[in-house]
Amino acid sequence: MADDFRKWSLKAAEWGADYRASLRERPVRARTQPGEVAAKIAPSPPERPEPMDRIFADFEKEILPGITHWQHPRFFAYFPANAAPVSVVAEYLVSAMAAQCMLWQTSPAATELETVVLDWLRQALGLAHGFAGVIQDSASSATLAAVLVMRERALDWQGNTKGLGAFPAIRVYSSDQVHTSVDRAIWVAGIGSENLVRIPTQGPLRAMDPAALERAIAADRAAGFVPAGIVACVGGTSVGATDDIEAVAAVARRHGLYLHVDAAWAGSAMICPEFRHFWKGADQADSIVFNPHKWLGAQFDCSVQFVRDPDSLVKTLAIQPEYLKTHGKDGIVNYSEWSVPLGRRFRALKLWFLLRAHGLEGLRAMIRNHVAWSEGLAARLAVVPGFEIVTAPMLSLFSFRHRPRDPATDLDAHNLALVNAINDDGRIYLTQTRVDGRVAIRFQAGQFESTADDVDIAFDAITGLAAATG
Ligand SMILES: *Cc1c(COP(=O)(O)O)cnc(C)c1O
């Protein structure tokens with residue numbers, strides 16, 4: 001058994017290294033039809049043990065073809081989910097130890113490393129002293145935790161006990177550019193989507209209009225609602241919408257509202273001082289989430305939430321049955337009291353490996369390259385006849401559209417056909433969105449091992465296939 005574990009662990013490590021080295025030769029997006037993989041898997045579980053070499057061979061034969069290669073250097077779709085090789089190595093170690101790190105005493109090193117490494121990140125992002133960090137499994141969980149705190153704070157910490165039926169409706173404010181995780185947090189928190197008040201946006205960054213925000217809060221209060229908090233975004237998922245955090249924070253302060261900033265993708269770029277103007281005022285937020293598992297290079301999952309007042313998270317989420325008490329250990333942190341799930345993986349190790357192996361300078365260089373390459377591609381596409389830049393680069397994200405030669409062709413259908421043709425081709429992977437109701441194609445450079453040549457290939461694939469599509 002022990003020998004087998006060694007043999008197959010070594011084989012997995014070899015496989016991983018070969019896989020990464022082979023990515024440029026593979027099509028980025030899986031070319032699988034719905035149901036194709038499931039049809040190849042035995043419909044019932046085996047009664048008798050099977051040999052590992054057969055299981056491993058089936059993994060390569062049946063599973064791998066159905067994988068979209070997120071670590072491919074020409075993955076330009078969605079946002080990146082970077083797993084730098086060093087963070088993969090850290091995850092091997094975490095898997096081998098398989099510690100459940102819910103409390104300080106269930107693995108003191110996990111808790112203490114998390115505290116220190118998250119303060120490294122706070123410094124790296126240029127955030128003020130006084131923010132405490134916690135690793136959540138996803139930005140969705142961090143936003144849910146923040147919305148629950150908003151709710152409890154607005155209800156004088158009575159919502160968990162009395163239920164929401166005992167109170168007038170709670171109101172939360174955001175633009176229509178925030179991620180759908182905000183809608184779900186509102187549902188799950190029992191607030192109800194009708195009480196997520198959408199504030200109109202303005203300007204090229206599609207920022208919430210602070211005056212409209214202020215008016216909405218005042219009108220709600222006059223109508224007997226309970227305004228609780230604001231969710232602002234920096235680098236929205238569709239086209240990078242970015243609120244004016246300083247202006248929104250001023251409104252939040254004037255009205256005593258809790259401010260949560262979702263910078264899940266763009267937050268990583270704040271390690272570069274020249275990009276920090278995009279979230280000027282973030283120091284005044286109550287809660288900020290960013291995902292090192294997106295752009296920075298920490299293997300999924302690793303979402304960091306910074307909060308100014310951890311006590312309000314603990315007051316909202318801590319639950320202490322006798323079997324979870326850590327008697328005689330005053331002053332220690334039990335991070336499971338800062339999040340909805342109880343169980344916790346040891347996620348700080350990959351951050352520690354990543355930050356040490358690359359240094360902030362290495363990571364800044366990567367992010368600066370991505371931004372510069374993306375701006376360069378947008379500038380090149382803008383002058384190709386038939387192409388139009390729909391939203392200008394926000395960091396490394398922009399969107400574009402191609403006009404069909406025949407004006408009778410439907411613009412949306414043409415661009416959907418183009419994005420499909422690009423993805424079927426396999427050299428690159430892009431996704432689409434809608435901007436003011438019309439289809440636009442998104443491009444973001446962000447993959448850990450992308451090069452300028454990969455972005456050149458993107459230019460060739462996009463322009464070549466557009467010419468062929470008509
Ligand atoms: C990706 C993303 C999310 C969701 O992140 P998860 O970690 O997958 O929950 C939330 N907000 C923004 C702006 C995002 O880009």
Side-chain angles (χ1 to χ4, degrees), residues 68 70 75-83 87 118 121 125 133-148 172 174-189 196 198 201 205-208 229-243 245 248 259-270 275 278-279 282 285 287-306 339-341 344-345 347 350-351 367 370 374 391 393-399 430-435 442-447:
T68 291
W70 282 72
F75 182 100
F76 301 117
Y78 305 98
F79 280 140
N82 280 333
S87 83
L118 292 195
L121 276 180
L125 300 184
V134 56
I135 305 180
Q136 308 278 13
D137 53 8
S138 63
S140 305
S141 291
T143 294
L144 174 59
V147 166
L148 291 169
V172 174
S174 77
S175 78
D176 64 356
Q177 295 291 310
V178 294
H179 189 263
T180 48
S181 55
V182 177
D183 301 65
R184 287 208 283 195
I186 294 290
W187 303 346
V188 174
L196 175 59
R198 302 294 189 170
T201 58
L205 285 176
R206 291 160 196 267
M208 257 195 275
I230 304 167
V231 181
C233 65
V234 175
T237 315
S238 175
V239 291
T242 296
D243 290 319
I245 303 301
V248 170
L259 173 60
H260 174 63
V261 174
D262 179 0
W265 160 68
S268 293
M270 303 308 158
F275 299 135
F278 281 120
W279 77 357
S287 164
I288 301 171
V289 63
F290 98 100
N291 282 352
H293 72 225
K294 277 189 168 150
W295 204 352
L296 207 60
Q299 163 112 340
F300 186 83
D301 48 359
C302 184
S303 181
V304 169
Q305 184 181 12
F306 288 109
S339 57
V340 176
R344 318 188 82 236
R345 304 176 58 242
R347 299 192 186 89
K350 59 195 167 192
L351 275 173
I367 282 174
H370 292 153
S374 198
T391 57
M394 155 59 187
L395 297 169
S396 60
L397 169 68
F398 70 93
S399 66
L430 302 180
T431 41
Q432 73 288 337
T433 186
R434 279 186 185 265
V435 179
R442 289 168 83 262
F443 177 92
Q444 66 76 29
Q447 214 289 320

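Order of listing sets the numbers, starting from 1, for every ligand and every atom in it. The structure presented is a predicted model; accordingly, all values stated were derived computationally and were not measured. The figures here come from the full heavy-atom set of this structure, side chains too, leaving out hydrogens, waters and symmetry mates.
Each salt bridge (charged side-chain N to carboxylate O under 4.0 Å, His left out) pair with one or both residues in residues 293-306, not counting sequence neighbours, appears once here: D301-R345, D301-R347.
When heavy-atom distances to ligand 1 are checked against 4.0 Å, the residues falling inside are F79, S138, A139, S140, H179, S181, G235, T237, D262, A264, N291, H293, K294, ordered by chain and number.
Qualifying side-chain hydrogen bond (donor to acceptor under 3.5 Å, both in side chains) partners for T237, counting only residues two or more places apart in sequence or in other chains: none. Applying the side-chain contact (heavy atoms from CB on, under 4.5 Å) test to A207 and every residue at least two apart in sequence or in another chain returns D243.
Here the rule is side-chain contact (heavy atoms from CB on, under 4.5 Å) with V239, and of M394, R434, Q177 only Q177 fits it.
In the model, S287 has a side-chain atom that pairs as donor or acceptor with a side-chain atom of Q305 under 3.5 Å.
Annotation: F290 is not in aromatic contact with W295 [ring centroid separation under 6.0 Å not met].
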